Amino acid sequence: MKKIWNQMKVKFRQLPMRIKLTVSFSGPMIVIFVLLLSVSYRIIETQYEEQIIYSADQSFEQAVNFLQNHLQNMNYILELVGSDRKLQDMLSDGSYRIRQEAGDQWRDYWRINDIMTSLELSNKMYQCGIYVPDRLIYAENRYHFFPESDLKKKDYYEELCDRMNQGLIYFTGLERSGPEIVGVKKQRVAMLKKVYGDELGGGETCIARVSIAVDELERIVVNSDITQKGLSFLTNERGEILAVSNQENLETLSENGSLPGYGSNASWQDLRIGDASYLYRQQKLDQAEWMLVSLIPRQDFYRQTYLMGMTLILFSILIVLSIFLISWMLGKYYTKRLVALNTRMKQVQNGQLSLEVDVEESDEIGELFRSFGYMTKELRKLILEQYRLGKNVKTAELRALQAQINPHFLYNTLDLINWEAMDYNAPEIMEIARNLAQFYRISLNKGRQIVRVEEELNHVRAYVRIENYHFDNAIHLEIDTEEGVEELACINIILQPFVENAIMYSIAKAPDRETCNIHIRAEREGEDLVFRITDDGFGMTREQTERIFEENSHDVSHGYGAKNVNFRIKLCYGEEYGVSYESEIGKGTTVTVRIPALTPEEAEKKLQ
């Protein structure tokens with residue numbers, strides 16, 4: 001067995017990549033699918049059988065409750081007939097048996113007929129009546145009144161008399177009765193009970209009856225049968241079938257074997273009739289010697305599960321074919337991309353470094369393509385960089401030397417202008433040169449980024465003083481600092497660009513404006529140092545403030561320098577710090593610059 005397994009593994013390794021991927025994709029999925037399908041089919045089969053049993057139980061118990069309800073109603077109606085005062089008065093004096101006059105007989109007829117009609121109006125499913133002597137002229141009514149001779153002709157008369165003498169009720173078999181006006185009389189089942197002349201049992205007696213149509217019983221029995229080949233029927237103690245759900249099924253079962261015997265069982269039992277197997281349940285009804293029987297052929301279970309199984313098998317075949325087809329297409333797709341990648345690698349080996357790699361997918365193979373493209377680009381850059389390196393070394397050294405000399409040259413030139421202005425007694429030129437020297441000295445800061453807050457504020461003051469020569473002192477700068485803040489550290493040139501924007505996009509843009517007011521507030525908020533630069537310029541809309549930090553925001557009013565300052569702060573201190581705007585058209589703009597509150601020594605260490 002192990003040898004066969006090893007041979008299979010060797011053959012599998014020798015297969016093309018496409019077949020390997022197809023087998024790897026589809027094989028486990030098909031095996032898992034078949035296992036899940038088998039387990040699911042068994043679970044569904046069991047649950048389906050349980051569901052049928054549950055539905056059969058519900059239908060059977062509902063039918064029993066309906067039948068019990070009819071029996072209780074029929075017994076209640078007989079109680080009402082027996083307790084009626086008019087009938088008891090007539091039975092007490094016995095006059096209805098000895099009267100000969102037709103008028104008196106019709107008077108009794110209408111009195112009793114009113115009783116029966118009233119009961120039937122409130123209980124429309126039932127027909128009420130009593131048995132009277134044959135000589136009475138209304139004895140042949142056969143709707144509310146029946147001749148006593150009808151009972152004596154019945155096979156069950158002796159049994160009836162025994163039960164009536166014991167004060168018990170009696171149920172007839174199937175009988176045809178009903179109003180003459182209907183034409184065809186329906187089959188009915190009647191409940192009979194002896195009615196006495198008074199509560200002590202004295203006076204005359206008669207037998208009262210209340211009947212129900214077999215159609216109503218059959219409706220209940222039919223509803224209790226939930227299967228196509230099943231059977232439900234209602235029988236009495238004499239073995240007579242009172243109602244059946246399917247007469248054809250009853251005849252078939254009777255021909256194949258005997259039906260369940262008289263009795264009761266609370267749960268479904270196995271029963272074999274002929275060659276067929278059934279589940280059956282039967283229950284005896286209270287107040288009557290009736291029994292409801294229900295049979296479910298196991299063939300119905302097998303038929304439904306067979307159809308369900310065939311449907312699942314059909315779908316399984318389609319799903320397996322779909323899995324195999326999709327696996328084959330995926331294998332072809334992935335191997336095609338790997339072949340393309342292998343071809344490009346061979347081209348690079350042959351010296352073609354200018355390959356363009358276009359990748360749309362973001363999966364692992366796509367990452368391989370991107371990594372390969374990045375590698376070729378970096379390799380090409382490295383070769384070009386090596387070529388340019390020797391050529392640019394001297395140029396870089398020369399520019400570094402010039403960067404060191406130019407600031408000293410600028411300071412010396414500004415000092416010379418200052419001394420010459422003193423010689424010619426030109427104080428305004430002296431002031432401009434002094435402010436410009438201070439401005440560039442703080443800006444350049446000997447190449448360092450960190451300055452004290454005091455120096456950064458002086459940088460702003462120098463800039464505003466220079467600009468006021470342009471605008472005839474129309475720019476009013478107010479600086480408000482919290483105690484101790486001026487000794488903290490900040491990056492150089494993070495306030496001047498916002499002051500410049502406030503000037504350039506207010507008084508510089510509208511010469512008719514008389515003043516430009518700028519207020520700077522520096523304070524600590526917890527562990528942060530916050531600058532707020534407020535101006536009274538034109539202001540901006542929300543859309544403009546949202547576009548300030550976008551890539552192409554050069555057309556936004558206050559955007560100049562803002563991106564640069566925001567980028568430097570985030571680069572030095574992290575994403576939680578930076579610049580934010582609040583502005584309203586016609587009311588001005590407030591810029592908030594947030595950095596950590598650090599001493600110059602702490603700031604220098606953080607930037608190292």
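Fair warning: this is a prediction, and the values are worked out from it, not measured in the lab.
Distance check, rounded to the nearest 0.5 Å: CG of Asp225 to CZ of Phe233 gives 11.5 Å. The SG atom of Cys206 sits 10.0 Å away from the CZ atom of Phe145 when rounded to the nearest 0.5 Å. Between the CG atom of Leu242 and the CD1 atom of Ile212 there is a distance of 11.0 Å, given to the nearest 0.5 Å. Between atom OH of residue Tyr156 and atom CG of residue Asp162 there is a gap of 14.5 Å, rounded to the nearest 0.5 Å. Taken to the nearest 0.5 Å, the CD atom of Gln68 stands 10.0 Å off from the CG atom of Leu292. Atoms CG and CG, on Leu250 and Leu295 in that order, are 10.0 Å from each other to the nearest 0.5 Å.
For the pair Asn141/Val132, no side-chain contact is recorded, criterion being any heavy-atom separation below 4.5 Å from C-beta on. Within the 4.5 Å cutoff, side-chain heavy atoms of Ile112 are placed close to those of Ile130. With contacts defined as side-chain heavy-atom distances shorter than 4.5 Å, the pair Cys161/Glu159 does not qualify. Side-chain contact between Ile241 and Val244: present, with at least one pair of heavy atoms (C-beta onward) separated by less than 4.5 Å. Looking at heavy atoms from C-beta onward, Arg163 lies out of side-chain contact with Phe171 at the 4.5 angstrom threshold. With a 4.5 Å cut-off on side-chain heavy atoms, Asp270 and Tyr280 do not count as touching. Contact check for Leu174 versus Arg188: no side-chain heavy atoms found under the 4.5 Å cut-off. Thr172 is listed as a side-chain neighbour of Leu192, based on a closest heavy-atom distance under 4.5 Å.
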Go through it in stages, so that I can follow the logic: the residues are Met116 and Tyr143, the test is side-chain contact (heavy atoms from CB on, under 4.5 Å), and I'd like the CA-CA distance, side-chain angles, deciding distance and then a yes or no. CA-CA 10 Å; Met116 303 305 174; Tyr143 183 65; over 6 Å; no
Audit row: Glu289, Tyr170, side-chain hydrogen bond (donor to acceptor under 3.5 Å, both in side chains) steps and yes/no: CA-CA 9 Å; Glu289 297 298 326; Tyr170 183 81; over 6 Å; no
side-chain contact (heavy atoms from CB on, under 4.5 Å), that's the test. Do Trp268 and Asp57 meet it? Break it down for me. CA-CA 9 Å; Trp268 295 90; Asp57 274 332; 2.6 Å; yes
Applying side-chain contact (heavy atoms from CB on, under 4.5 Å) to Leu279 and Leu271, what does each step give before you reach the verdict? CA-CA 6 Å; Leu279 290 176; Leu271 177 67; over 6 Å; no
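A 6.0 Å sphere centred on CH2 of Trp106 holds more than 12 heavy atoms belonging to other residues, nucleotides or ligands. Enclosure of atom OH in Tyr577 by more than 12 non-hydrogen atoms of other residues, nucleotides or ligands within 6.0 angstrom is indicated. Within a 6.0 Å radius of CG in Asn165, other residues, nucleotides and ligands contribute more than 12 heavy atoms. Few gaps surround CZ on Arg219; more than 12 heavy atoms of other groups in view lie less than 6.0 Å from it.
A donor-acceptor pair shorter than 3.5 Å can be found between the side chains of Glu120 and His144.
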Using distance only, find each side-chain donor-acceptor pair of residues 71-82 under 3.5 Å and give its atom names and separation, not counting sequence neighbours.
unit_1: Asn73; atom_1: ND2; unit_2: Asn69; atom_2: O; d: 3.3
unit_1: Asn73; atom_1: ND2; unit_2: Tyr126; atom_2: OH; d: 3.2
unit_1: Glu79; atom_1: OE2; unit_2: Lys193; atom_2: NZ; d: 2.4

Taking distance alone, no hydrogens or angles, what donor-acceptor pairs closer than 3.5 Å link side-chain atoms of residues 319-326 to residues at least two apart or in another chain?
unit_1: Ser322; atom_1: OG; unit_2: Leu318; atom_2: O; d: 2.8

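Between Ile220 and Phe66, the shortest heavy-atom distance links the atoms CD1-CB, 3.7 Å. The shortest heavy-atom contact between Ser267 and Gln269 is OG-NE2, 3.1 Å. Residues Tyr157 and Leu151 share a closest heavy-atom pair of CD1-O, 3.1 Å. Scanning both residues, Arg272 and Ser277, for their nearest heavy atoms gives NH1-CB, 3.6 Å. Contact record, Gly173 with Arg238: N-NH2, 3.3 Å, taken as the closest heavy-atom pair. The minimum heavy-atom distance linking Ala243 with Glu218 is given by the pair CB-CG, 3.6 Å.
Although no hydrogens or angles enter the test, the distance criterion places no donor-acceptor pair under 3.5 Å between the side chain of Ser118 and the main chain of Ile115. Looking at Ser245, its side chain does come within 3.5 Å of a backbone N or O of Ser232 through a donor-acceptor pair. Side-chain atoms of Thr235 do not come within 3.5 Å of backbone N or O of Met291 as any donor-acceptor pair. Checking side-chain atoms of Ser224 against main-chain N and O of Val221 turns up a donor-acceptor pair under 3.5 Å. Within the 3.5 Å criterion, the main-chain N or O of Ile52 finds no donor-acceptor partner in the side chain of Ser55.
With respect to the salt-bridge test (charged N to carboxylate O, under 4.0 angstrom), the residues Glu576 and Lys570 do not qualify. At a threshold of 4.0 Å, the pair Arg209-Glu175 counts as salt-bridged, since one of the basic side-chain nitrogens sits closer than that to a carboxylate oxygen. Contact check on Arg281 versus Glu61 returns a salt bridge, with a Lys/Arg side-chain nitrogen under 4.0 Å from an Asp/Glu carboxylate oxygen.
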